[in-house]
Asker: 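So that we are looking at the same thing, I have put the structure below in structure tokens.
So you know, we letter chains A, B, ... as the sequences are listed, proteins then strands, and number each from 1. This structure is a prediction, so every number in the text was calculated from the model and none was measured.
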Amino acid sequence: MSDSTSEAGSESTSTPRRDFIREMVADDVATGRFGRGPATRFPPEPNGFLHMGHAKSICLNFGIAQEFGGTCNLRFDDTNPATEDVRYVEAIQRDVQWLGFQWDNLFYASDYFEKLYEIAESLVLKGKAYVDSQNEEEIRAGRGTVTSAGTPGPYRDRSVEENLDLLRRMRAGEFADGTHVLRAKIDLAHVNMIMRDPLLIRIRHAHHYRRGNDWCIYPLYDFAHGLSDAIEGITRSLCTLEFKDSREIYDWLVKEAGFEHPPTQIEFARLELDYTILSKRKLLRLVNDGHVTGWDDPRMPTIAGLRRRGVRPEAIREFCETIGVARKDARVEIAAFEHAVRNDLNMEVPRVLCVLNPLKVVLTNYPEGQVEDLDAPSFPHDVPKTGSRSMPFSRELYVDRDDFMEDPPKKFYRLAPGKEVRLRFGYLITCNEVVKNDAGDVIELRCTYDPATRSGQAPDGRKVQGTIHWVSAAQALSCEVRVYDRLFSQPDPDAVPEGQDFISALNPQSLVVIPDAKIEPSVANDPIGSRYQFERTGYFMSEVESSTPEKLVFNRIVGLRDSWAKEVKRA
RNA sequence: UGCCCCUUAGCUCAACUGGCAGAGCGUCUGACUCUGGAUCAGAAGGUUCCAGGUUCGAAACCUGGAGGGGCAACCA
């Protein structure tokens with residue numbers, strides 16, 4: 001952010017490191033090469049929900065506009081009637097805004113169809129484009145291969161008049177799908193396959209979600225994209241690496257169309273994240289095949305999913321900043337994202353105690369019927385926030401089953417027969433007796449508390465290693481907790497054995513529902529959607545769709561780092 | 001097999017036009033002594049893929065090699 005420059009003398013020690021794209025934009029500003037301010041755009045196709053990969057692009061495009069006083073448009077690249085839907089354009093707008101960005105203009109490539117058509121005619125007139133009437137297979141065959149040149153088809157040298165006539169009749173709807181296409185006339189032997197007379201326009205008698213049935217010739221990506229950028233006065237068109245080879249046709253088209261100071265394409269590496277998948281096509285399959293509950297399933301890497309899970313936009317922006325932008329394919333560890341999420345939440349959300357897997361504890365020497373209120377600060381000492389709540393304490397409590405072992409290994413600092421632990425914000429207790437049912441399951445612990453240790457400290461100075469969380473049985477609220485974990489069980493979900501696909505890599509444990517957890521009563525009247533750290537467990541948010549005042553439901557946003565689990569794994 | 005891109009710490013990545021190779025995660029140690037897990041501090045960790053060359057100086061530029069990726073959709 002902008003720290004004040006008024007601070008004395010210190011040479012800009014905090015000049016932010018710039019990536020290669022920002023360097024270029026800074027240079028554009030310095031040299032005035034475009035004759036206009038920096039202008040970027042975020043151009044999603046409305047055929048799915050936005051995900052983390054888009055978040056990277058959004059932060060880049062909108063971020064550059066903010067930092068350099070430029071503009072950033074939201075443009076829907078809606079040139080394929082088969083896949084697009086208003087529902088997606090609405091979701092995309094909501095997600096961009098939720099991330100904290102506002103576009104300068106909202107545009108649709110489908111509004112440029114007429115303009116694009118005019119450009120197409122002008123290319124025909126210049127002899128730079130022709131109508132090809134070969135079928136798909138013939139065109140493919142005529143393109144050659146990466147190592148051999150293509151061969152001209154029989155329609156390549158049609159006259160300008162014939163091309164123009166055919167193009168007009170294509171537009172008028174006289175021809176069936178696939179009978180003709182408009183192609184740029186460039187070079188069938190070009191080393192760049194994309195330049196071998198790329199297809200510009202195809203016939204599609206289909207319903208377009210915005211144009212209805214009034215338009216039947218649809219521009220292909222390469223034709224529409226650069227020219228749309230140029231029409232909007234974009235200066236730098238930021239896209240991912242796989243479009244590298246498209247840059248040549250991009251430049252060719254904006255030049256042939258006669259744009260002054262046309263935009264220039266810059267490519268950066270697309271984001272890949274461990275243990276998840278960032279491909280709209282594959283995410284759509286998860287949705288359609290019912291592997292998740294929808295695009296906003298909290299396990300999805302979509303913006304909507306992360307929002308529902310409880311992640312804040314600040315964390316996503318912070319993450320995008322830390323991963324940077326470069327020209328090398330980057331696979332980022334999901335741990336880095338989880339770190340950003342914790343880092344954000346740590347400074348923001350209050351701590352509460354929630355027992356996920358309740359085990360009853362009876363304090364045999366605590367007066368029956370007595371309830372005392374313990375004061376519990378909501379934030380640890382190093383979070384600069386204040387506030388506290390009171391926690392009822394009584395003879396019957398719940399602690400977490402994980403915090404008790406009947407036959408503990410060494411270095412287990414929690415409850416075990418004969419062992420003493422500290423109850424967070426409360427007394428030291430010692431376990432004296434383990435009660436089991438007929439099946440041999442532990443159903444209750446009978447303990448004694450030390451009345452002199454209300455502060456958590458023993459007056460005699462004895463050390464107690466473990467501190468565990470707890471709730472008072474009578475006052476605790478029952479709640480449902482949905483423990484979300486990684487969607488896939490391996491870092492690269494596509495790296496599966498022959499014959500299988502990413503579906504087989506799904507993590508069967510990605511959602512574990514705990515129907516009856518016990519949470520301290522202080523949260524009872526908090527608004528739905530409140531976030532907390534459940535101490536020693538993780539960060540949680542009350543589920544917006546499912547929580548009711550009668551029955552709270554919590555999503556686990558992210559767990560805490562767990563060194564004991566690591567210790568266990570090591571053993 | 002043609003063209004293009006990439007190769008830097010254990011891992012994932014930075015390093016503007018050649019000028020002391022840096023982060024995050026992970027690991028280890030310490031502090032806070034009421035979160036075993038938060039947070040903070042410190043440490044360890046490098047033949048910049050290899051071989052040559054240019055230069056006072058190369059991760060960066062040049063040549064060759066090795067390994068990985070992209071491109072031959074009427075998708076974007």
Asker: On RNA chain B, nearest-nucleotide positions of A:Val146 versus A:Met347: which is more 5'?
Answerer: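 Here A:Val146 is the residue nearer the 5' end.
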Asker: Considering only the C1' atoms, how many Å lie between B:U35 and B:G22, rounded to the nearest integer?
Answerer: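 Nearest-Å result for B:U35 against B:G22 at atom C1': 33 Å.
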Asker: Does A:Thr467 have a side-chain nitrogen or oxygen under 4.0 Å from the phosphate oxygens OP1 or OP2 of B:G36?
Answerer: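 Answer yes for this pair, as a side-chain N or O of A:Thr467 is under 4.0 Å from OP1 or OP2.
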Asker: Starting from C1' on B:A23, measure out to CD on A:Glu321 and report it in whole angstrom.
Answerer: 13 Å
Asker: Using atom CG of A:Asp492 as one end and atom C1' of B:G69 as the other, report the distance to the nearest whole Å.
Answerer: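 It works out to 13 Å between those atoms.
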Asker: Give me the distance, rounded to whole Å, that separates B:C74 from B:G69 when you measure between the P atoms they each carry.
Answerer: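 Their P atoms lie roughly 25 Å apart.
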Asker: In a check of side chain to side chain donor-acceptor pair (under 3.5 Å) between A:Asp197 and each of A:Lys185, A:Arg156, A:Arg183, which one passes?
Answerer: A:Arg156
Asker: Searching all strands shown, indicate the nucleotide that pairs with B:G67 (Watson-Crick or G-U wobble; both distances under 3.5 Å).
Answerer: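 When the pairing criteria are applied, B:C6 turns out to be the nucleotide that pairs with B:G67.
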Asker: When you measure from the side chain of A:Val332, which nucleotide among B:C74, B:C16, B:U12 comes out closest?
Answerer: B:U12
Asker: For B:U54, which nucleotide is its Watson-Crick or G-U wobble mate, given both distances must be under 3.5 Å?
Answerer: none
Asker: Less than 4.0 angstrom between a side-chain N/O of A:Arg202 and OP1 or OP2 of B:C75, yes or no?
Answerer: yes
Asker: Specify the separation, in whole Å, of atom CD1 of A:Ile249 and atom C1' of B:G70.
Answerer: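 Computing the A:Ile249:CD1 to B:G70:C1' distance gives 18 Å.
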Asker: Considering only side-chain heavy atoms of A:Ile194, which listed nucleotide, B:A72, B:C13, B:C71, is closest?
Answerer: B:C71
Asker: Checking side-chain contact (heavy atoms from CB on, under 4.5 Å) against A:Ile201, which of A:Thr79, A:Val181, A:Ile217 comes through?
Answerer: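 Exactly one option meets the side-chain contact (heavy atoms from CB on, under 4.5 Å) with A:Ile201, and it is A:Ile217.
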Asker: Map A:Arg424 and A:Thr83 onto RNA chain B by nearest heavy atom, then report which one ends up closer to the 5' terminus.
Answerer: A:Arg424
Asker: Please work out if A:Arg454 contacts a base, only the sugar-phosphate, or nothing of the nucleic acid, heavy-atom cut-off 4.0 Å.
Answerer: base
Asker: If I take atom CG in residue A:Asp245 and atom P in nucleotide B:G70, what distance separates them, rounded to the nearest angstrom?
Answerer: 12 Å
Asker: Please state how far atom CZ in A:Arg270 lies from atom C1' in B:G69, giving the value in whole angstrom units.
Answerer: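 So the two atoms are 13 Å apart, to the nearest Å.
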Asker: Kindly indicate whether the side chain of A:Arg414 and the base of B:G36 share any N or O donor-acceptor pair separated by less than 3.5 Å?
Answerer: yes
Asker: Which nucleotide in the list B:U7, B:G2, B:C75 gets nearest to the side chain of A:Thr147?
Answerer: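 Closest nucleotide to the A:Thr147 side chain: B:G2.
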Asker: Kindly compute the distance separating CG (A:Leu238) from CZ (A:Phe243), expressed to the nearest 0.5 Å.
Answerer: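 Here the rounded value is 12.5 Å.
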Asker: I need the CG-P distance between A:Leu182 and B:C74, as an integer number of Å.
Answerer: 14 Å
Asker: Are OP1 or OP2 of B:C75 and a side-chain N or O of A:Arg204 less than 4.0 angstrom apart?
Answerer: yes
Asker: Salt bridge check: are A:Asp492 and A:Arg331 linked by an N-O gap of less than 4.0 Å?
Answerer: yes
Asker: Could you check which of B:C71, B:C74, B:U39 has an atom nearest any side-chain atom of A:Asn343?
Answerer: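 From the listed options, B:U39 comes nearest.
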Asker: Can you check the distance between B:G46 and B:C11, where both ends of the measurement are the C1' atom (answer in whole Å)?
Answerer: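 Result for the C1' pair: 15 Å, nearest Å.
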Asker: Honestly, is A:Arg327 close enough over A:Phe268, meaning NZ or CZ under 6.0 Å from the six-membered ring centre and within 45° of the axis?
Answerer: no
Asker: By the 4.0 Å heavy-atom rule, please label A:Glu333 as base, sugar-phosphate, or nothing.
Answerer: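 Base contact.
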Asker: What contact category does A:Ile323 fall into here, base, sugar-phosphate, or nothing, at under 4.0 angstrom with non-hydrogen atoms?
Answerer: sugar-phosphate
Asker: If the cut-off is 4.0 Å, is A:Lys280 near the phosphate of B:C75, judged by side-chain N/O to OP1 or OP2?
Answerer: no
Asker: Under 3.5 Å, side chain of A:Arg531 to main-chain N/O of A:Gly310, donor-acceptor pair present?
Answerer: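 It does hold such a pair.
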Asker: Could you give the distance separating B:C71 and B:C56 at their C1' atoms, to the nearest angstrom?
Answerer: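 It works out to 43 Å between them.
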Asker: When rounded to the nearest Å, what value does the distance between C1' atoms of B:C62 and B:A43 take?
Answerer: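 Between the two C1' atoms, the distance is 40 Å.
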Asker: Establish, with yes or no, whether the OP1 or OP2 oxygen of B:C74 is under 4.0 angstrom from a side-chain nitrogen or oxygen of A:Arg143.
Answerer: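 For B:C74, OP1 or OP2 has a side-chain N or O of A:Arg143 closer than 4.0 Å.
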Asker: Does B:U12 pair with anything, Watson-Crick or G-U wobble, both distances under 3.5 Å, and if so, with which nucleotide?
Answerer: B:A23
Asker: Under 4.0 Å between a side-chain N or O of A:Arg196 and OP1 or OP2 of B:A72?
Answerer: no
Asker: Indicate, with a heavy-atom threshold strictly under 4.0 Å, whether A:Asn135 touches base, sugar-phosphate, or nothing.
Answerer: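 A:Asn135: base contact, heavy atoms under 4.0 Å.
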Asker: If I pick the P atom on B:C13 and the same atom on B:U8, what distance separates them, to the nearest angstrom?
Answerer: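 So the two P atoms sit 9 Å from each other.
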Asker: With a 3.5 Å limit on both atom pairs, tell me what B:A31 is paired to, counting Watson-Crick and G-U wobble, or say none.
Answerer: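 Matched B:A31 with B:U39 under the 3.5 Å cut-off.
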Asker: May I ask you to decide if the ring planes of A:Phe107 and A:Tyr112 are parallel, tilted or perpendicular, using 30° and 60° as cut-offs?
Answerer: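 It falls in the tilted class, 30° to 60°.
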Asker: Nearest whole angstrom, please: distance from the P of B:C75 to the CD of A:Glu84.
Answerer: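 Nearest whole value for this atom pair: 11 Å.
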Asker: Could you tell me whether A:Glu232 and A:Arg75 have a side-chain N and a carboxylate O separated by less than 4.0 Å?
Answerer: yes
Asker: Under 4.0 Å between a side-chain N or O of A:Thr79 and OP1 or OP2 of B:A76?
Answerer: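 Yes, within the criterion.
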Asker: Whether the side chain of A:Thr145 engages the backbone of A:Thr147 through a donor-acceptor N/O pair (distance < 3.5 Å, no angle test) should be reported.
Answerer: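 Yes.
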Asker: Could you state the atom-to-atom distance from CZ of A:Phe20 to P of B:C13 in whole Å?
Answerer: 15 Å
Asker: Is there a donor and acceptor pair, one atom on the side chain of A:Gln533 and one on the base of B:U35, closer than 3.5 Å?
Answerer: yes
Asker: Would you indicate which nucleotide in B:C25, B:C71, B:C75 comes nearest to any side-chain atom of A:Met193?
Answerer: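 My answer, after comparing the listed nucleotides, is B:C71.
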Asker: Check every strand shown and say whether A:Gly324 touches a base, only sugar-phosphate, or nothing at a heavy-atom separation below 4.0 Å.
Answerer: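 Nothing: the residue A:Gly324, judged by heavy atoms under 4.0 Å, touches no strand.
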Asker: For the C1' atoms, the ones on B:A9 and on B:U47, what distance do you get once it is rounded to whole angstrom?
Answerer: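 Result for the C1' pair: 13 Å, nearest Å.
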Asker: Choosing from B:U39, B:G24, B:C16, which nucleotide comes nearest the side chain of A:His339?
Answerer: B:G24
Asker: Below 4.0 angstrom from OP1 or OP2 of B:C16, is there any side-chain N or O of A:Arg22?
Answerer: no
Asker: Using the side-chain heavy atoms of A:Asn346, tell me which of these nucleotides is nearest: B:A38, B:C3, B:G37.
Answerer: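 Nearest nucleotide to the side chain: B:A38.
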Asker: What's the closest nucleotide to the side chain of A:Phe243 if the choices are B:A76, B:A72, B:U35?
Answerer: B:A76
Asker: With P as the reference atom in both, quote the distance from B:G10 to B:G64 in angstrom, rounded to an integer.
Answerer: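 Taking atom P in both B:G10 and B:G64, they lie 31 Å apart.
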Asker: Indicate, with a heavy-atom threshold strictly under 4.0 Å, whether A:Leu199 touches base, sugar-phosphate, or nothing.
Answerer: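 Base contact - A:Leu199 has a heavy atom under 4.0 Å of at least one base atom.
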